[in-house]
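As a basis for the values below, the full set of heavy atoms in this structure was taken, side chains included, without hydrogen atoms, waters or symmetry mates. All values reported here derive from a predicted model rather than from experimental measurement. In the text below, chain A, chain B and the rest are named by the order of the sequence lines, each starting its count at 1.
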Amino acid sequence: MKMKKYDVIIVGGGATGTCMARDCALRGLKTLLIEREDLCDGASGRNHGLLHSGARYAVNDPESARECIAENLILKQIASNCVEDTGGLFISLPEDGLDYQALLVQKCAEAGIDARIITPKKALSLAPAINPNIIGAVKVPDASVNPFLLSDVHALDAVRHGADIIKFKAVTSFLKDGDSVVGVKTDKEEYYASQVVIASGIWSAKLAEMAGAHIDMYPSKGSLLVFGHRVTNLVINRCRKPSNADILVPEAVVSVFGTTSDKVPFEECDNMRVTREEVDFLLKEGVKMLPSLASTRIIRAYAGVRPLILEDSKSSLQADGRSASRGIVLLDHEERDGVPGLITITGGKLTTARLMAEKAADLVCKKLGIDAECTTAEIPLPGSYLKRRSFGAFLSGLGAKKEDTPASKTSSGAKRTSSGAKRTSSGTKRTSLGAQKTSSGAKKPYSAASLPVIEVEKTVSGEKKSVSGAKKSCLAVRSVAQKLCSKETIPYAGIAALGRHGSETLKMDFTGEGAEIVCECEQVTSAEISYCVKEFGVRNLNDLRRHTRIGMGTCQGTHCIQRAAELLAIELGVPEKAEEFMKDYLQERWKGMTPVMWGETLREAEFMRSKYSSLLAEGEISAK
Amino acid sequence: MKYDVVVIGGGSSGCRAAKANAAKGRSVCVVSAGLTLQATKPESEGRVYADLYELRKMGVAVLRGDTVLSGSWDGAKLLEVHTSNGLTLQADEFILATGRFFSKGLVSTMDTVFEPVLGADVDFPSDREKWFNADFFAPQPFEQIGVRTTADGHIFIKGEAAENVKAVGKILGGERHAKK
Ligand SMILES: Cc1cc2nc3c(=O)[nH]c(=O)nc-3n(C[C@H](O)[C@H](O)[C@H](O)COP(=O)(O)OP(=O)(O)OC[C@H]3O[C@@H](n4cnc5c(N)ncnc54)[C@H](O)[C@@H]3O)c2cc1C
């Protein structure tokens with residue numbers, strides 16, 4: 001058995017765990033993250049993708065609302081390529097009345113959320129698909145976030161600052177010294193650390209139990225429908241007390257409507273199916289807000305589990321003394337359960353994952369006696385380019401494309417107060433999650449941190465000034481895209497990659513076959529696939545999907561799966577696996593299609609079966 | 001225009017039926033929604049062009065890019081069909097060969113399946129959760145869905161067998177189609 005020693009081990013690679021890994025790495029801690037599947041296999045890959053402005057919570061939970069708006073503005077700055085600054089509307093249907101609208105606007109103002117009443121006519125001109133009978137509308141700074149990419153870039157940045165990330169390995173037990181947790185065990189290995197942090201979403205309850213602590217959790221299943229195009233370009237919320245089936249979020253080339261919320265048994269969390277009743281309910285409610293949903297093609301349905309915490313008698317130690325079940329929950333198991341060395345961070349939202357990580361990392365540092373500041377709100381993530389001023393530097397960096405630009409500002413070196421030894425982040429010994437393959441002498445146009453330093457405006461606070469700052473960054477993204485393409489640095493085929501990966505797109509090799517489009521719906525090129533395989537470590541097409549959106553568009557992969565499977569198999573050096581990749585992915589897409597298998601989706605299903613029965617060996621797809 | 005036989009749908013089954021009838025000396029017209037005849041499977045494409053060539057040689061009228069929208073009935077007898085290009089086609093016998101869902105021979109909504117051209121009766125499980133198998137590779141119930149027919153292939157309209165309309169091909173549903 002091998003033994004390794006870390007400052008901190010994080011269990012779970014969702015939004016919370018990856019943000020935590022980055023935070024710890026930036027503070028100079030020796031950090032390990034362990035995820036049993038791929039990143040974002042839990043709730044972080046099965047949510048609504050709404051970067052909350054906080055307006056949804058303003059009336060009932062002002063604390064969450066304030067957290068959301070602050071994080072919303074931060075992410076628009078530091079993760080510009082993961083966020084589409086769509087803006088959002090709260091629409092009032094005749095049966096909703098306008099009382100809630102008045103309350104919403106007032107509470108938003110109190111929380112620092114820029115919410116403005118606009119006329120129904122104006123709202124309809126912004127989003128012609130909404131119910132023409134609305135009696136009121138409020139504009140808010142909601143946005144659409146790509147949750148897969150958000151975790152990706154956090155993980156990437158963590159690794160680039162020295163963290164280790166192990167994927168596809170579950171933590172099976174905790175290593176203990178008396179009552180104290182001193183590390184974790186996977187099937188074959190043991191890893192030691194001064195602090196272990198459980199960031200395992202709904203599975204945190206099980207892990208805490210394994211370590212001798214106890215958390216009362218409540219698995220709340222939420223189902224969503226994916227519509228085949230962008231029904232609107234803004235997030236559309238229903239202006240009433242937060243409820244089920246009241247939000248539409250445009251995402252890439254599709255729109256997602258949801259959600260439901262139902263308590264499910266823990267056993268179901270690992271394999272959820274969307275039921276007929278859920279689909280019927282979502283559609284019935286959706287049509288009230290957006291009548292055209294009745295005739296819009298539904299391409300898929302999926303579900304995730306919210307990690308909600310039940311109020312418990314020991315809740316005095318929860319963050320900020322709050323015990324709101326949807327709020328951030330930080331548990332110090334040393335004080336709470338007498339288990340030193342163990343911390344749990346859960347609850348919260350995708351939107352507030354960075355803040356959750358900050359709170360948990362603060363506690364880790366306190367426990368370790370390390371005095372290191374959180375810098376995650378200021379340092380942009382890989383791929384994010386920000387204010388116009390920085391684009392000049394960014395673009396002029398293009399001229400010297402193959403040369404090293406000055407290394408970026410390193411993370412604030414952490415000082416270990418107890419020992420006095422100053423520790424710096426541990427360089428770039430491994431700079432991708434793609435593990436071994438990367439270092440194998442492949443041509444590398446950039447050194448790990450060679451992208452131009454991008455300065456960020458000091459952290460945003462919710463004032464109007466910073467809102468427009470975020471807007472500006474969106475405009476600038478567009479102008480950078482145009483400039484990049486006109487300079488022929490990135491061919492036109494790479495523009496979708498630029499939207500997803502931002503400045504990281506410069507690391508993609510679009511020469512030769514690189515510019516070939518593999519997935520038409522989402523415009524994924526061969527170059528983007530190579531980049532993701534290299535940077536993120538991909539086992540199969542389903543993993544690749546999370547980093548690229550391959551096969552997630554209208555055709556659900558019918559047209560591209562065989563091409564993508566061959567390309568990926570070759571890229572990974574296992575050409576014999578192409579067929580297995582193809583079959584696994586077909587089955588995965590099928591799972592999401594079946595709950596909505598009528599109309600156009602049934603047509604697609606029949607075509608998919610027919611096409612692949614002639615591509616696969618006879619009898620692989622059986623007719624009867 | 002009046003033919004002995006009008007074939008609705010120019011897929012492989014429609015073409016086969018057209019050829020068989022033309023070979024017996026009947027006047028035949030095929031209406032095919034696609035600009036070329038329809039090929040669901042990539043590998044059928046070559047055969048489709050061969051079909052087209054052969055049909056032309058046999059003197060069959062092939063209306064490409066036209067779609068049958070509806071029919072006019074006299075009781076259980078179909079008198080004529082109307083196309084999207086504004087044609088009215090009369091015939092003694094009609095053959096419905098519009099295929100299954102992909103080719104829009106059958107149309108499904110959340111809770112029903114119907115045949116959109118003539119309104120032929122369709123047999124299908126009422127619970128849509130029973131239309132599919134969760135295993136992509138397993139046989140799919142929706143591939144068995146088809147129009148109800150008499151023993152010799154005549155369709156039903158609202159429970160009554162049509163005198164002069166037969167269905168062929170995928171629109172019959174998997175097993176009956178495969179048996180032919
Ligand atoms: C339907 C739905 C819609 C939502 N919509 C939104 C939204 O629009 N906006 C928003 O801000 N938030 C939204 N949320 C909330 C948000 O998705 C979650 O709060 C957030 O993703 C939780 O992230 P996490 O990292 O804490 O948990 P998870 O993403 O669940 O991550 C936990 C990880 O731990 C791993 N793990 C479990 N056991 C082990 C083990 N033994 N060893 C190693 N790893 C393990 C799991 O595989 C998983 O990857 C939504 C949630 C749901 C369910």
Side-chain angles (χ1 to χ4, degrees), chain A residues 225 271 273-284 287 293-295 297-298 556-559 561-562 579 582-624, chain B residues 11-13 33-34 38-48 98-114 116 122 124-146 169-180:
Chain A
L225 299 180
N271 190 16
R273 265 200 66 81
V274 179
T275 66
R276 180 191 170 127
E277 290 68 35
E278 287 167 335
V279 172
D280 290 353
F281 168 72
L282 286 171
L283 202 51
K284 185 177 119 249
V287 167
L293 291 185
S295 52
R297 175 174 170 191
I298 311 176
Q556 289 292 291
T558 308
H559 294 276
I561 290 175
Q562 92 277 19
E579 189 173 316
M582 185 158 96
K583 283 162 67 180
D584 288 351
Y585 199 50
L586 283 165
Q587 182 59 50
E588 194 279 337
R589 292 288 88 187
W590 195 254
K591 182 180 176 195
M593 289 165 74
T594 53
V596 291
M597 208 169 262
W598 72 81
E600 294 296 301
T601 294
L602 185 53
R603 289 187 69 211
E604 189 80 58
E606 186 179 298
F607 181 58
M608 202 180 214
R609 291 254 307 169
S610 159
K611 173 175 171 178
Y612 286 91
S613 67
S614 55
L615 280 176
L616 289 164
E618 190 151 350
E620 292 269 15
I621 294 182
S622 46
K624 55 176 175 157
Chain B
S12 54
S13 303
Q38 296 292 289
T40 347
K41 290 190 182 182
E43 86 262 11
S44 332
E45 219 150 282
R47 202 180 63 221
V48 159
T98 42
R100 213 183 286 134
F101 298 102
F102 178 68
S103 52
K104 300 186 189 170
L106 297 178
V107 173
S108 62
T109 66
M110 280 178 94
D111 36 36
T112 186
V113 178
F114 62 94
V122 181
F124 62 94
S126 59
D127 180 359
R128 68 166 192 262
E129 298 251 279
K130 302 223 158 66
W131 294 358
F132 59 84
N133 187 308
D135 177 0
F136 173 77
F137 300 93
Q140 296 295 327
F142 69 77
E143 289 173 358
Q144 305 300 327
I145 295 176
K170 278 189 177 162
I171 196 170
L172 288 173
E175 272 160 47
R176 283 179 298 160
H177 164 50
K179 255 187 247 153
K180 308 245 151 152

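Closest of all the heavy-atom pairs between B:S108 and A:G599 is OG-N, 2.7 Å. Among all heavy-atom pairs drawn from A:T594 and B:F132, the shortest one is O-CE2, 3.1 Å. Nearest heavy atom pair, residue B:N133 against residue A:W590, reads O-NE1, 2.9 Å.
One distance of note links OG of A:S613 with CD of B:E143; it measures 8.0 Å at 0.5 Å rounding. The NZ atom of A:K611 sits 11.0 Å away from atom CZ of B:F102, with the distance rounded to the nearest 0.5 Å. A distance of 9.5 Å separates NZ of B:K130 from CZ of A:R276, quoted to the nearest 0.5 Å.
Chain B forms more heavy-atom pairs under 4.5 Å with one residue of A:R273, A:K583, A:E620, A:M593 than with any other, namely A:K583.
Neither the backbone nor the side chain of A:R589 comes within contact range of chain B; no heavy atom of the residue lies under 4.5 Å from a heavy atom of that chain. Within the 4.5 angstrom heavy-atom criterion, atoms from both the backbone and the side chain of A:M608 approach chain B. Contacts between B:D127 and chain A at a heavy-atom distance below 4.5 Å involve backbone atoms as well as side-chain atoms. Neither the backbone nor the side chain of A:L615 comes within contact range of chain B; no heavy atoms are under 4.5 Å apart.
With contacts defined as side-chain heavy-atom distances shorter than 4.5 Å, the pair A:M597/B:W131 does not qualify. The side-chain heavy atoms of B:M110 and A:I298, taken from C-beta on, include no pair separated by under 4.5 Å. Proximity of B:F136 to A:K591: side-chain heavy atoms (C-beta onward) are nowhere separated by under 4.5 Å.
The main-chain N or O of A:W598 is never found under 3.5 Å from a side-chain atom of B:T109 such that the two would form a donor-acceptor pair.
Of the charged side-chain nitrogens involved, at least one lies within less than 4.0 Å of a carboxylate oxygen, so that B:R128 and A:D280 count as a salt-bridged pair.
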